[in-house]
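Counting starts at 1 for both ligands and their atoms, in listed order. Residue numbers run from 1 in the order of the sequence given.
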Amino acid sequence: MRKMLVTGGAGFIGSNFVLLTRRLHPEDKVFVLDKLTYAGNLENLKSLSDDKNCIFVKGDLNDFDLLDSLFEKEGIDTVVNFAAESHVDRSILGPKAFIETNVNGTFTLLEAARRNWKDFQNKKFLHVSTDEVYGSLGDTGFFTEETAYAPNSPYAASKASSDHLVRAYHHTYGLSVVTTNCSNNYGPYQFPEKLIPLMILNALKGKHLPVYGDGLNVRDWLFVEDHCKAIDIVLENGKLGETYNIGGNNEWKNIDIVNLICEILDEKIKSDKTLAEQYPFEGSRKKLIHFVKDRPGHDRRYAIDSGKVQRELGWRPEDKFETGIRKTIDWYINNRPWWERIISGQYMDYYEMQYKERLVK
Ligand code: NAD
Ligand code: DAU
C-alpha cells in the first residue's frame with residue numbers, strides 16, 4: 001500500500017490520473033495537493049468526494065512547512081509532480097508565475113522529499129514533464145531521451161529547469177526519481193485555453209476559431225488516459241534516474257485538427273434536433289476559422305519517439321485519435337455546466353482579451 005502525494009491533482013492531467021489510480025490501486029492512500037489556481041478545479045474530483053483514501057489538501061508547492069508535515073505525518077513514499085503553470089501563451093504574457101511554481105516549487109518539493117526520506121528504499125518521485133523541453137523539430141525526426149534540451153518559451157525553459165533539478169537530486173543525493181516527457185494531451189477536463197477545448201467551445205458557440213500563423217505547426221496528440229496509464233506503469237516499473245518519452249505517434253497540423261473538429265460538430269449537430277436547437281449555426285463551422293498573428297517563438301513541430309517506454313515497460317497508446325477526439329467532443333457537449341462555469345466566471349476577462357488579441361494579424 002503506497003502513500004502517494006499527487007501535486008496539481010485538481011488540474012487536467014492530474015485529475016485524470018487521480019481518477020485512474022483510485023480505480024487501479026484502491027489500496028493506496030492518495031493526498032492531492034493543489035493550489036487551485038485558475039486551472040485547478042475540484043469539480044474534476046467530485047466523484048471521489050466519499051473516497052476516504054483520497055484526501056484533498058489546498059496548498060502551494062512552495063510551502064515547505066506544509067510539504068514537510070505531509071511527508072512526516074502521513075509517511076508519503078510516492079510523489080507524482082503534476083503541479084505547474086502549463087500554458088505557453090500565458091508564459092509569454094507573464095513568465096514569473098512559471099518560475100515560481102515550475103522551478104521554485106519543484107525545488108521545494110524535492111527538498112521536502114530529500115529531507116524526509118531517510119533512505120530511498122521503496123520511495124519514488126515521479127516528475128511529469130513535457131516534450132517542449134527539446135525545442136522544435138524540422139520536417140523529419142523525433143525527440144528521443146538523448147535529444148539535447150533546447151527550450152524556446154518561458155514555459156518550456158521553466159520545465160527544463162525543473163527537469164534538471166530532478167536529475168541533479170538523483171545524481172547528487174541519490175533521490176529515487178524518474179521523469180516522463182510527454183507530448184500534447186487532449187481529453188476530458190482540459191481548461192478551454194488550450195487548442196482542442198478552445199476550438200470545440202468556440203465552434204459550439206459560433207465564435208471565431210483563431211489559428212496561429214499559417215496553421216501548419218505540428219503537434220503529436222495523446223489521449224490523456226493513455227498518458228496517465230503510462231505514468232502508472234513508469235511509477236511501478238520505471239528505472240530510477242531514467243527519463244521516458246511518452247507520445248501518441250499521432251502528428252497533426254493544427255489547421256487539420258481545427259477542420260476535423262468543425263466536421264465532427266457539423267455532422268453531429270445536424271443529425272440531432274436537441275443539439276441543433278442548443279447550438280444553431282448556418283452552414284459549416286469551418287467559416288469561423290481565422291488565421292491570426294503567430295505565437296512569438298512558436299515551435300514548428302514536435303514528434304516523440306516513445307520506443308523506450310514501449311520496449312522496456314510494455315506501454316502502448318490505446319486510443320486512436322479518431323475515437324479519442326470524438327469522445328472528447330462528446331464530453332464537452334455532455335458537460336456544459338463544467339465549462340459554462342469557467343467561461344462565464346472570472347477567467348472570462350483573460351479569455352476575451354486573448355481572443356481579441358488573436359484576431360490581429
Ligand atoms: P493544468 O494547468 O491543467 O493543471 C495544473 C494544476 O497545478 C492545477 O490544478 C493548478 O491549480 C495546480 N498548481 C499550479 N500552481 C501550483 C502551485 N504553486 N502549487 C500547487 N498546485 C499548483 O496542467 P496540465 O495540462 O494538467 O499539466 C500537468 C503537468 O503535465 C504539468 O507539469 C505540465 O507541464 C505537464 N504536461 C502537460 C501536457 C499537456 O498537454 N497538457 C503535456 C506534457 C506534460
Ligand atoms: O507538448 C506538450 C505541451 O502541450 C505541454 O507541455 C503544455 O502544457 C500544453 O499546453 C501543450 O502546449 P502547446 O503550446 O503545444 O498547446 P496549445 O494547446 O496551447 O497549442 C497547440 C498548438 O495550437 C500550438 O501550435 C499553438 C496552436 N494554437 C493554440 C491556441 C490556444 C492555435 O493555433 N490557436 C489557439 O488558439
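Relative to atom 21 (C) of ligand 2, the option among Val258, Leu209, Leu195, Ile257 with the closest non-hydrogen atom is Leu195. Proximity annotation for atom 20 (O) of ligand 2: of Glu85, Arg301, Met199, Arg295, Arg295 comes nearest, heavy atoms only.
Contacts of Asn184 with ligand 2, taken as heavy-atom pairs under 4.0 Å, involve both backbone and side chain. Only the side chain of Lys159 comes within 4.0 Å of ligand 1, judged by heavy-atom distances. At a heavy-atom distance under 4.0 Å, only side-chain atoms of Leu198, from C-beta outward, approach ligand 2. When heavy-atom distances to ligand 1 are checked against a 4.0 Å cut-off, Leu36 comes that close only through its backbone atoms N, CA, C and O.
Of the candidates Val80, Asp163, Thr7, Val177, His127 forms a side chain to side chain contact (heavy atoms under 4.5 Å, CB included) with just one, namely Asp163.
Residue contacts with ligand 1: Phe191 is excluded, as none of its non-hydrogen atoms falls under 4.0 Å. The shortest heavy-atom distance from Ala10 to ligand 1 is under 4.0 Å. Under a 4.0 angstrom heavy-atom cut-off, Tyr155 registers as being in contact with ligand 1. The shell of residues lying under 4.0 angstrom from ligand 2, judged by heavy atoms, excludes Lys159. Within the 4.0 Å heavy-atom shell around ligand 1 one finds Ser183.
When only interatomic distances are considered, the shortest N/O to N/O separation between Tyr212 and ligand 2 falls below 3.5 Å. An N or O contact shorter than 3.5 Å is missing between Leu33 and ligand 1 by distance. Note: no N/O pair closer than 3.5 Å links Tyr302 and ligand 2 by distance alone. Ligand 2 has a nitrogen or oxygen under 3.5 angstrom from a nitrogen or oxygen of Tyr155. Polar contact with ligand 1: absent for Ala83 (N/O pair, distance under 3.5 Å). Residue contacts with ligand 1: Cys182 is placed with no nitrogen or oxygen under 3.5 Å of a nitrogen or oxygen of the ligand (distance criterion only). Between Glu193 and ligand 2, not a single N/O pair is under 3.5 Å apart. The shortest N/O to N/O separation between Ser129 and ligand 1 does not fall below 3.5 Å. Here's the thing with Asp34: one of its N/O atoms is less than 3.5 angstrom from an N/O atom of ligand 1. On a distance-only criterion, Lys35 and ligand 1 share at least one N/O pair closer than 3.5 Å. Residue Pro210 has at least one nitrogen or oxygen atom sitting less than 3.5 Å from a nitrogen or oxygen atom of ligand 2, judged on distance alone. Distances between N or O atoms of Asn184 and those of ligand 1 include no value under 3.5 Å. Of the polar atoms of Asp60, at least one N or O is found under 3.5 Å from an N or O of ligand 1, judged by distance alone. Every N/O-N/O distance between Gln190 and ligand 1 stays at or above 3.5 Å.
Annotation: cation-pi pair Arg90/Tyr38 present, NZ/CZ under 6.0 Å from the ring centroid and within 45° of its normal. With a 6.0 Å cutoff to the six-membered ring centre and a 45° limit on the axis angle, Arg115 does not count as a cation-pi contact of Tyr173.
For the 3.5 Å distance criterion, the side chains of Glu236 and His25 qualify, holding a donor opposite an acceptor.
Set against the non-hydrogen atoms of Val128, the atoms of ligand 1 under 4.0 Å away are 30 (O), 32 (O). Close contacts between ligand 1 and Thr101 involve ligand atoms 15 (N), 16 (C), 17 (C), 18 (N) [criterion: under 4.0 Å to a heavy atom].
For an aromatic pair to be called close, the ring centres must be under 6.0 Å apart, and Phe191 with Phe12 fails this.
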